[in-house]
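Read through the structure below, which is laid out as structure tokens, and then see the notes.
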Amino acid sequence: MAKTQDIRRNSAVVGAANLLTRATGLIREMAFAAAFGAGIQADAFNAAFRIGNLFRELFAEGALSNAFVPLYASVEEGEGRESAYALVNAFLGVLLLAVGGVTILTFVAAEPLVWAVASGFADDPVKFDLSVRLARVLSPFVATVSVASVFMGMLNLRGKFFLPAIMPMFFNASVIAACIIGAKVELPFEPIMLVAAAALLGGMAQALVQLPVLVRGGFRFAPNLRGHPALKRLIKFIGPAIIAISVIQLHILIETQLASRQGDGAVSWLLYSFRIAHLPFSIVSGAVGVASLAGLSVLAAQEKWGRFRADLASALNLNSFLLLPSAVGLFMLASPITALFFERGAFTASDTAQTAAMLQMYAVALMGIGAQRILVPVFYTLDDPKTPMWAGIATLVVKLPLALWLLDVVGLRGLPLSHAVLVTGEVGVLIWLLSRRIEGGLLRALVGPQVRILIASGVMGAGLWALEGRLPGIPGLLLTIVLGAALFVLASEAIGLREARSILGRLRRPKGLPPTVDADTQALLAQLSGTPVSLDTETWQLHGPKASAQLIAEGGALRLEAIKVANAPTAPEAPLLISAIMRVGGGPPTLRGLWLGDQALNVVNDQIYLGDAPGPVLPVEPAQV
């Protein structure tokens, strides 16, 4: 089992972990840009890594993992921990077979794969050969991150979010070290090869660090091909989900292919700009999507379409409230932000200008990319994976001719601009289709808040334009960002954006347990938390210096009753903090178990058992003396 301090993080700490991960990712990009700029080695690595990223989207962070995690939770809930572990090993067997085949394919067919990603490199034999060798070194990457992704999902379902959240830091740290060493130490091979090897080691570390935590919880890593009855439920979703979830990666693949024909540096400028734009998108839309998807799934199963519509509208409005001002800021401040992150070492002022121009176009795409990340899984809750699949296919059919036309009209900026046009159109179609399926005014719930957010963001943009060039240097840039954010908030208040206040309220995690846990139970837990507590597993009683309580399983939930014990068992010397394990979905949230330090107990069929249980984990604040 994980230690208490690793599993009892509140949402602020988890959010800080995600921000820290993204910050180290930017430091990684800064170190890479300083060492390699936008030259031949950078172009070759970015093209080779694009191959691995595409497969990672399919196997690690995409369709297979997204379909597997809820399936694992369902099996553990209905059939128990052992059956769920059997499912994991059966799934890992199939997954490793698939990614093993992909690894071999990438190694053997590296030349045609590089040509498929960046055919323009064929005109430069040195760049093309380096890209091929890098692709072969990176070929096992997809296997390492795929296994790490499964482990991450298992830990999240146990309420352990902090450790998985910081896993990418191992990858980032490994690459940063390789960039520094490659720039300072004379090596018998190209320095970029050291970066590729470091990336591979970083991917392996993400899996290896998480495995011991799972082993302490009773899991045994034993992949096999014996199968499991629940795996059949994946078949319906795999094909459509792979296509729908991979659309963004396929758009970038086409953009990379076309950029490779535009001379040295174009591929790197494109990917540097996307990585800056990806920062607010990954933090905001990823968080909103995770927060909303579970609730929407339950509401769809209960056919509570009024609540479903309201919650979906709130999720999309929250996404816009946070992403639209971010997009405006990136567009208006593209040059100084790019210079701040990358302009040093081999990355020149010319590279900054080219990257900033493409960043502005990705900023235009930001709203659509974020909304798409939320909307596509919504169709899965409606048992409809094919609609987003066909929408994605439609955009891909139009992608190449549109990108070629815009490339001819506005130059390299046309590549990310084509992304913006198509993803925005796809989001519009998906929202329209949902509004027809969910009657009752989804569009009405979106139009008012979206217009107000647009107006407030426009006011912020005008303020940033007025401040342009007046506050030089890094302190000036940071002050400009703060002033822009303050202006957006003031404008929101001035135009009566009441939705903003309600949306922000959803981000604040309420203190204490939900009111569905009875007051006596909450009071007893508060008296026991933070004190030396002993658990009697024969009578299922908790004893502490302030109170003793009888644990009672009733209606699938846990409650506590105060008792008086003449000679209570001796408690351990060290005080421990108690956490509540909640059951969510299918009704109001209920108390299903407790973490007592490193020991867990949970309720199954009105019986109390020792052992962890899936579900959100909420810390119990000790009672104030």
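Computation of the quantities below employed the complete heavy-atom set of this structure, encompassing side-chain atoms and omitting hydrogens, waters and symmetry-equivalent molecules.
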- Checking S119 side chain against A116 main chain: does a donor-acceptor pair fall under 3.5 Å? no
- Item | Any donor-acceptor pair under 3.5 Å from S149 side chain to V145 backbone | no
- Note on the structure: Here the gap from Q41 atom CD to F32 atom CZ, rounded to the nearest 0.5 Å, amounts to 8.5 Å
- Can you tell if the side chain of R344 reaches within under 4.5 Å of the side chain of M30, non-hydrogen atoms only? yes
- Note on the structure: For M361 and R413 the tightest heavy-atom approach is CG-O, 3.4 Å
- Got a donor-acceptor contact below 3.5 angstrom from the S174 side chain to the F170 backbone? no
- Message: Looking at Q210 and A148, would you say the former's side chain and the latter's main chain have a donor-acceptor pair under 3.5 Å?
- Response: yes
- Does atom CZ of R275 have more than 12 heavy-atom neighbours, drawn from other residues, nucleotides or ligands, at distances under 6.0 Å? yes
- Item | C179 versus F36, closest heavy-atom pair with distance | SG-CE1, 4.2 Å
- Query: Does any non-hydrogen side-chain atom of N317 lie less than 4.5 Å from one of Q450?
  - Reply: yes
- Message: Using the rule given for side-chain contact (heavy atoms from CB on, under 4.5 Å), can you reason through L322 versus S326, listing the C-alpha separation, both sets of side-chain angles and the distance that settles it, and then say yes or no?
- Response: CA-CA 7 Å; L322 297 174; S326 300; 5.6 Å; no
- Message: Evaluate M460 against L464 for side-chain contact (heavy atoms from CB on, under 4.5 Å), listing each step before the verdict.
- Response: CA-CA 6 Å; M460 186 193 82; L464 293 178; 4.0 Å; yes
- Provide the closest heavy-atom pair for A183 versus A35 in the form atom of the first, atom of the second, distance. CB-CB, 4.3 Å
- Beyond-backbone contact of L434 with L312, side-chain heavy atoms, under 4.5 angstrom: yes
- Task: For side-chain contact (heavy atoms from CB on, under 4.5 Å), just list the numbers for M358 and L412, CA-CA rounded to whole Å, side-chain angles, deciding distance to a tenth of an Å, and then say yes or no.
- Result: CA-CA 7 Å; M358 286 193 272; L412 278 171; 4.2 Å; yes
- Note on the structure: Here the pair of heavy atoms bringing P388 nearest to L430 is CA-CD2, 4.3 Å
- With the side chain counted from C-beta on, respond yes when I393 and M389 share a heavy-atom pair under 4.5 Å apart, and no when they do not. yes
Sequence neighbours left out, cut at 3.5 Å: what donor-acceptor pairs do the side chains of residues 134-141 make with other protein atoms?
residue : atom : partner : partner atom : Å
R136    : NE   : F107    : O            : 2.9
S139    : OG   : R136    : O            : 2.7

- Hey, does W432 have a side-chain heavy atom less than 4.5 Å from the side chain of V427? no
- Message: Is the shortest side-chain heavy-atom distance between Q372 and V376 below 4.5 Å?
- Response: yes
- Task: Determine whether the side chains of T348 and E343 contain a donor N or O and an acceptor N or O closer than 3.5 Å.
- Result: no
- Give every residue pair that meets the ring-ring contact (aromatic ring centres under 6.0 Å, His included) criterion with at least one member in residues 326-348, sequence neighbours excluded. Y272-F342, Y272-F347, F342-F347
- Query: Using the ring of each side chain (for Trp, its six-membered ring), is F171 parallel, tilted or perpendicular to F49, with breaks at 30° and 60°?
  - Reply: parallel
- Query: Rounded to the nearest 0.5 Å, how far does CG of L477 lie from CG of L471?
  - Reply: 9.5 Å
- Item | Q257 side chain near V117 side chain, heavy-atom distance below 4.5 Å | no
- Please confirm whether the backbone N or O of G265 pairs with a side-chain atom of D43, one donor and one acceptor, at under 3.5 Å? yes
Which pairs would a plain distance check flag for residues 186-204, meaning a side-chain donor or acceptor within less than 3.5 Å of a matching protein atom at least two apart in sequence or in another chain?
residue : atom : partner : partner atom : Å
E190    : OE1  : R133    : NH1          : 3.4
E190    : OE2  : R133    : NH1          : 3.4
E190    : OE2  : R133    : NH2          : 2.6

- Item | Minimal non-hydrogen separation, S260 against G120, with atom names | OG-N, 3.0 Å
- Task: From the options L487, I481, L479, T480, select the one residue that forms a side-chain contact (heavy atoms from CB on, under 4.5 Å) with L483.
- Result: L479
- Item | From CG (L400) to CG (L407), nearest 0.5 Å | 10.5 Å
- Query: Rounded to the nearest 0.5 Å, how far does CG of N46 lie from CD1 of I51?
  - Reply: 12.0 Å
- Query: Between CD of Q354 and OG of S268, what distance do you get to the nearest 0.5 Å?
  - Reply: 12.0 Å
- Query: Is there a donor-acceptor pair closer than 3.5 Å between any side-chain N or O of S457 and the backbone N or O of L454?
  - Reply: no
- Message: Under a 3.5 Å threshold, yes or no: a donor from one side chain and an acceptor from the other, between R452 and S492?
- Response: no
- Message: Please give me the minimum heavy-atom distance between P325 and S320, naming the atom from each residue.
- Response: CD-O, 3.6 Å
- Item | Check: V429 and L433 side chains under 4.5 Å, non-hydrogen atoms | yes
- Task: Look only at the side chain of S418 and the backbone of A403, and say whether a donor-acceptor pair between them is shorter than 3.5 Å.
- Result: no
- Item | Chi angles and distances behind the side-chain contact (heavy atoms from CB on, under 4.5 Å) call for V328, M332 | CA-CA 6 Å; V328 171; M332 300 299 299; 4.2 Å; yes
- Rounded to the nearest 0.5 Å, how far does CG of L415 lie from CG of L258? 5.5 Å
